[in-house]
There are 2 protein chains.
Amino acid sequence: MTAAQPAAPRPRGRPRSTRAQEVIRDAATRLFAERGFSRTSVRDIAAAAGVDPTIVIRHFGSKDALFLQTMSVDEGFRGLTEGPLEDLGRNLLRRLVAHADPAQAEVFAALIGALDRPEVRNYVEQSTERHIVQPLIERLTGADAELRARLVTAQILGLLVAVWALRRPDLTSTPLDDVLDIYARAVQTLIDGTAGNDDRSPERGST
Amino acid sequence: MTAAQPAAPRPRGRPRSTRAQEVIRDAATRLFAERGFSRTSVRDIAAAAGVDPTIVIRHFGSKDALFLQTMSVDEGFRGLTEGPLEDLGRNLLRRLVAHADPAQAEVFAALIGALDRPEVRNYVEQSTERHIVQPLIERLTGADAELRARLVTAQILGLLVAVWALRRPDLTSTPLDDVLDIYARAVQTLIDGTAGNDDRSPERGST
DNA sequence: GTCTATACACCGATAGAC
DNA sequence: GTCTATCGGTGTATAGAC
């Protein structure tokens with residue numbers, strides 16, 4: 001039709017994404033998840049994808065950018081705080097630990113492992129903030145709701161780091177249901193906020 | 001033993017201890033804690049110490065070995081689980097978060113940041129195991145003592161990661177006492193193990 | 001324009017001369 | 001022991017080929 005439009009041989013499909021980009025992304029996802037950031041070189045990814053190392057940079061800007069673009073945990077974090085508040089502790093752990101697919105676990109471990117990269121730290125920070133902390137703040141009631149939401153996130157983060165990143169053997173070998181039941185109670189303590197702030201006078205107040 | 005000789009160029013007492021080693025260690029400690037592992041090069045450390053880069057490797061074997069030798073968290077973890085069991089949750093957090101000196105916090109953050117190095121992960125794993133998990137196992141009573149000890153460690157780890165490694169702004173800006181009081185209760189839940197294991201029922205009688 | 005190859009500065013680490 | 005020279009390897013920019 002219009003002559004101004006440059007020759008686009010593919011009217012449908014994905015005009016701006018090359019097939020090479022997809023192959024590179026697949027290889028990067030696999031290798032980063034397998035070996036982590038520091039032990040995966042751009043040349044390794046390029047070799048696995050069957051392309052030249054420089055076009056990896058040409059398409060994705062940098063190794064860090066490719067890492068962040070492939071190692072995304074947003075999908076696994078979405079809709080995490082939904083469901084009844086009284087069972088939220090258990091459901092959080094169920095979705096994040098028990099029902100999580102191994103691929104997401106590897107992605108999380110890779111992100112934690114590369115945490116001294118400022119951009120990675122920034123992403124993990126804002127991803128947990130957006131998908132866990134903020135939704136929790138809106139759901140929690142009682143005193144110190146925001147602080148409690150952040151502390152619940154810290155609890156979750158600790159279990160995820162211990163299980164997926166540190167690969168604590170005696171924690172992963174235990175049947176996960178037992179771990180969930182016990183840990184969920186501690187998480188639920190902060191969700192409920194039942195503990196008074198002056199003394200040991202717990203009031204079961206689900207306001 | 002020997003009288004203090006300020007201008008002693010060659011202390012003959014220790015022929016194999018070089019002063020360069022000490023200078024390198026100081027520079028490495030400062031730079032690793034400041035910028036983390038990946039952003040600190042051996043050449044940077046050598047320049048800061050005023051020595052040749054090859055001496056750094058010659059004396060410490062490798063960059064990883066130097067990192068592990070300087071970024072040690074054993075000192076800050078020692079004797080952590082002492083004190084009355086009923087206040088252990090609060091005391092753990094006090095010693096690790098409130099009373100911890102900033103230097104130890106930076107060291108911890110550097111270790112977490114380099115967690116995808118197998119040797120670093122191994123060290124963090126066995127250090128928390130030796131200084132927190134094992135002493136806790138021997139002190140806890142009741143069912144699932146070992147599992148609870150590991151979960152308490154996960155809770156602690158989560159708070160440390162959130163505060164020191166992730167540098168959550170809204171968590172560090174809050175007065176630490178409030179954080180400790182609230183989080184300590186959740187930790188104490190696992191220490192006491194008061195929660196029944198059959199059904200979920202909000203606790204009203206805490207011991 | 002998309003892709004490819006040459007090239008560079010830096011990295012950690014080694015061998016060998018003083 | 002300390003330095004010079006150098007190795008293979010890294011991430012990345014750039015100039016050229018289709």
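Below, read A as the first sequence line, B as the second, and so on, with proteins coming before strands; counting in each chain starts at 1. Computed from heavy atoms alone, side chains included, the values below leave out hydrogens, waters and symmetry copies.
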Next on the checklist: Under a 3.5 Å distance rule, please check whether B:Ser72 uses its side chain to pair with a backbone N or O of B:Leu68 as donor and acceptor.
Outcome noted: no
Checklist entry - Which of these passes side-chain contact (heavy atoms from CB on, under 4.5 Å) with A:Val133: A:Glu129, A:His131, A:Arg130? => result A:Glu129
Item to check | Euclidean distance, atom CD1 of residue B:Ile45 to atom C1' of C:dC11 [Å, nearest integer] | outcome: 13 Å
Checklist entry - Quick one: B:Phe60 CZ to D:dT2 C1', roughly how many Å, whole number? => result 16 Å
Next on the checklist: If you assign each of B:Ile55 and A:Thr54 to its closest nucleotide in DNA chain D, which residue comes earlier from the 5' end?
Outcome noted: B:Ile55
Checklist entry - Taking OP1 and OP2 of C:dC11, is either one under 4.0 Å from a side-chain nitrogen or oxygen of B:Ser41? => result yes
Checklist entry - Any ion pair linking B:Arg150 and A:Asp170 (charged N to carboxylate O, less than 4.0 Å)? => result yes
Next on the checklist: Under a 4.0 Å threshold between the charged nitrogen and the carboxylate oxygen, would A:Arg90 count as salt-bridged to A:Asp181?
Outcome noted: yes
Next on the checklist: Between the base of C:dG12 and the side chain of B:Arg43, is there a donor and acceptor pair under 3.5 angstrom?
Outcome noted: yes
Item to check | Rounded distance (Å) that lies between atom P of D:dT2 and atom CZ of B:Arg19 | outcome: 12 Å
Checklist outcome for this item: Considering only heavy side-chain atoms of B:Lys63, the closest of D:dT12, C:dA13, D:dT4 is C:dA13
Item to check | Interatomic distance where CZ belongs to A:Phe67 and C1' belongs to D:dT12 [whole Å] | outcome: 19 Å
Next on the checklist: Can you say whether a donor on the side chain of B:Arg58 sits under 3.5 Å from an acceptor on the base of D:dG1, or the other way round?
Outcome noted: no
Checklist outcome for this item: note: A:Phe37, atom CZ; D:dT10, atom C1'; distance rounded to Å ~ 11 Å
Item to check | Short side-chain to backbone donor-acceptor contact, B:Glu146 and B:Ile137, under 3.5 Å | outcome: no
Item to check | Rounded distance in Å - CG (A:Asp52) to P (D:dA17) | outcome: 15 Å
Next on the checklist: If the cut-off is 4.0 Å, is B:His59 near the phosphate of D:dG1, judged by side-chain N/O to OP1 or OP2?
Outcome noted: no
Checklist outcome for this item: Between CD of B:Gln21 and P of D:dT2 the distance, given in whole Å, is 9 Å
Next on the checklist: Just the rounded figure in Å: distance from P of C:dC11 to CZ of B:Arg117.
Outcome noted: 14 Å
Checklist entry - With a non-hydrogen cut-off below 4.0 angstrom, is B:Thr40 in contact with a base, only sugar-phosphate, or nothing? => result sugar-phosphate
